[in-house]
Amino acid sequence: MKRCKQDISKLGERTKAVHAGEVPDPVTGASAPNLVMSTTFVADADTTFSVEGMGQDDPFVYTRWGNPTIRQLEEKLAVLEDAETAVAFASGMSAATTLMLHTLKAGDRAVMSDVTYAAVAEAANELFPGLGIDIIKVDTSDPDALAAAVTGGVKLVYIETPCNPLLRLTDIEAAAEIAHKAGARLAVDSTFATPVATKPLLLGADFVIHSLTKYIGGHGDALGGVLLGRAGDLVPLRKKTSIRLGGTISPFNAWLIMRGLATLPLRMKAHEENALKIARYLETNPRITQVIYPGLPSHPQHDLARRQMKNFSGMISFQTERGRETVRRLAEKLRIIHYAVSLGHHRSLIFYLDTEELLATSFKLTTGKQLDSLRAFAGDGIFRLSVGLEDADDLIADIEQALNEGG
Ligand SMILES: *Cc1c(COP(=O)(O)O)cnc(C)c1O
């Protein structure tokens with residue numbers, strides 16, 4: 001297939017986002033990527049029926065094994081993340097659980113951030129222990145706590161930075177050093193950062209996970225996930241685990257996400273610009289007791305954010321004195337911002353996460369130190385605001401009228 005006629009790795013991020021992975025159609029010359037919905041491909045007499053015999057560059061056989069539209073998305077993602085290769089999935093959760101099922105067997109031990117995306121935390125609490133896999137939860141933002149937990153015999157260290165929903169960071173370089181010293185691999189969920197902000201593989205991580213549903217797709221209309229890393233890890237992962245678990249992304253979703261991804265660098269610039277304006281406004285609002293945004297000097301890890309993030313992204317969390325009352329007001333009165341879960345869309349979204357509820361359902365933290373760190377970021381509960389691409393002044397006016405309504 002005819003690729004971009006230049007070595008794409010030498011080009012700028014915006015050029016990569018637009019051109020990487022995309023192939024003009026060899027039959028029609030179509031310039032935009034083709035959407036190939038076919039589940040099956042006409043084979044020749046030598047084609048094997050088991051995926052065991054499949055080579056990396058063999059012709060397409062069946063979409064669960066590989067598909068031209070999905071392949072284009074995987075190539076674009078690999079170029080943007082500076083990864084050797086990528087495997088796309090039906091969702092971020094499918095990427096995360098496939099990585100864990102591929103790298104961990106019964107009797108193995110893993111260390112994971114004590115605060116992660118809720119479904120990841122819940123799988124670590126319930127799904128993996130049931131399979132005989134021991135998962136130790138640690139506040140990975142504290143390198144000493146991480147080093148103490150990662151002893152010999154730990155196979156995988158799994159971190160999320162900035163983490164959902166706290167926006168607490170973990171030092172990727174330090175975590176990679178700790179993991180590798182103990183003979184473990186490091187996986188980083190970089191969904192909140194995106195490759196525009198941080199490239200964990202260049203900081204020593206072995207695997208990167210993204211929910212493509214968020215910033216990378218960027219428009220709230222397609223679920224997807226991806227794993228990125230070395231070909232030596234991911235080629236066997238695709239063959240041995242991903243194809244057998246079957247969490248294949250729909251080619252239609254891959255096509256939508258590829259279209260979103262083309263504008264990621266531009267969108268992240270606008271998300272950051274808007275978020276910084278709104279975070280500064282929130283800090284001046286007397287009803288708001290704490291604002292957490294990595295781009296603000298008041299973020300407890302602002303120095304690490306400046307070192308590790310080239311873009312502070314569009315996620316803000318804030319607290320009010322009576323969160324439970326404020327949530328009713330916001331859900332009813334906001335006119336532009338949607339009161340809804342998810343994040344990273346062009347549309348602004350806000351959702352309230354109650355700390356007690358999170359502790360009871362997802363995080364189940366046990367030590368006083370872990371609880372203190374969680375409370376320092378979350379208080380009794382946070383509003384997680386995903387700042388969209390609307391005009392910042394309109395978003396500020398929307399928050400202002402909703403918070404102040406009824407005195
Ligand atoms: C949303 C999210 C996930 C899960 O992704 P899905 O596409 O919803 O399965 C994982 N990690 C983070 C940080 C997320 O925000």
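Counting begins at 1 with the first residue of the sequence. Indexing begins at 1, ligand by ligand and atom by atom, following the structure's order.
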Measure the OG-CZ distance between Ser373 and Arg375 for me, rounded to the nearest 0.5 Å.
12.0 Å
Nearest 0.5 Å please: distance from the CE atom of Met37 over to the OG1 atom of Thr39.
9.5 Å
Do the charged groups of Lys269 and Glu13 touch, with an N to O distance under 4.0 Å?
no
May I have the step-by-step check of side chain to side chain donor-acceptor pair (under 3.5 Å) for Asp206 and His180, ending in yes or no?
CA-CA 10 Å; Asp206 300 287; His180 295 157; 2.7 Å; yes
Determine, using heavy atoms of Ala119 and all atoms of ligand 1, whether some pair is separated by less than 4.0 Å.
no
Output the list of atoms in ligand 1 that are nearer than 4.0 Å to some heavy atom of Met93, sorted by atom number.
4 (C), 5 (O), 6 (P), 9 (O)
Would you say ligand 1 has an N or O under 3.5 Å from any N or O of Gly92?
yes
Can you find an N or O of Asp189 that's nearer than 3.5 Å to an N or O of ligand 1?
yes
Exam field: side chain Arg329 to backbone Leu403, donor-acceptor pair closer than 3.5 Å:
yes
Within the 4.0 Å heavy-atom shell around Gly224, which atoms of ligand 1 are there?
7 (O)
Considering only non-hydrogen protein atoms, determine which one is nearest to atom 8 (O) of ligand 1 and report residue, atom name and distance to 0.1 Å.
Tyr117 OH, 3.8 Å
Answer yes when Asp221 and Arg347 have at least one side-chain N-carboxylate O distance shorter than 4.0 Å, and no when they do not.
no
Note the single closest protein heavy atom to atom 15 (O) of ligand 1, along with its residue, its atom name and the distance in Å.
Lys214 NZ, 2.8 Å
Any nitrogen or oxygen of Glu160, side chain or backbone, less than 3.5 Å from one on ligand 1?
no
Numbering as shown, the atoms of ligand 1 that approach Asn164 to under 4.0 Å (heavy-atom distance):
14 (C), 15 (O)
So, applying side chain to side chain contact (heavy atoms under 4.5 Å, CB included) with Val157, which one of Ile178, Leu146, Thr170 is it?
Leu146
Give the atom numbers and elements of ligand 1 that come within less than 4.0 Å of a heavy atom of Phe192.
15 (O)
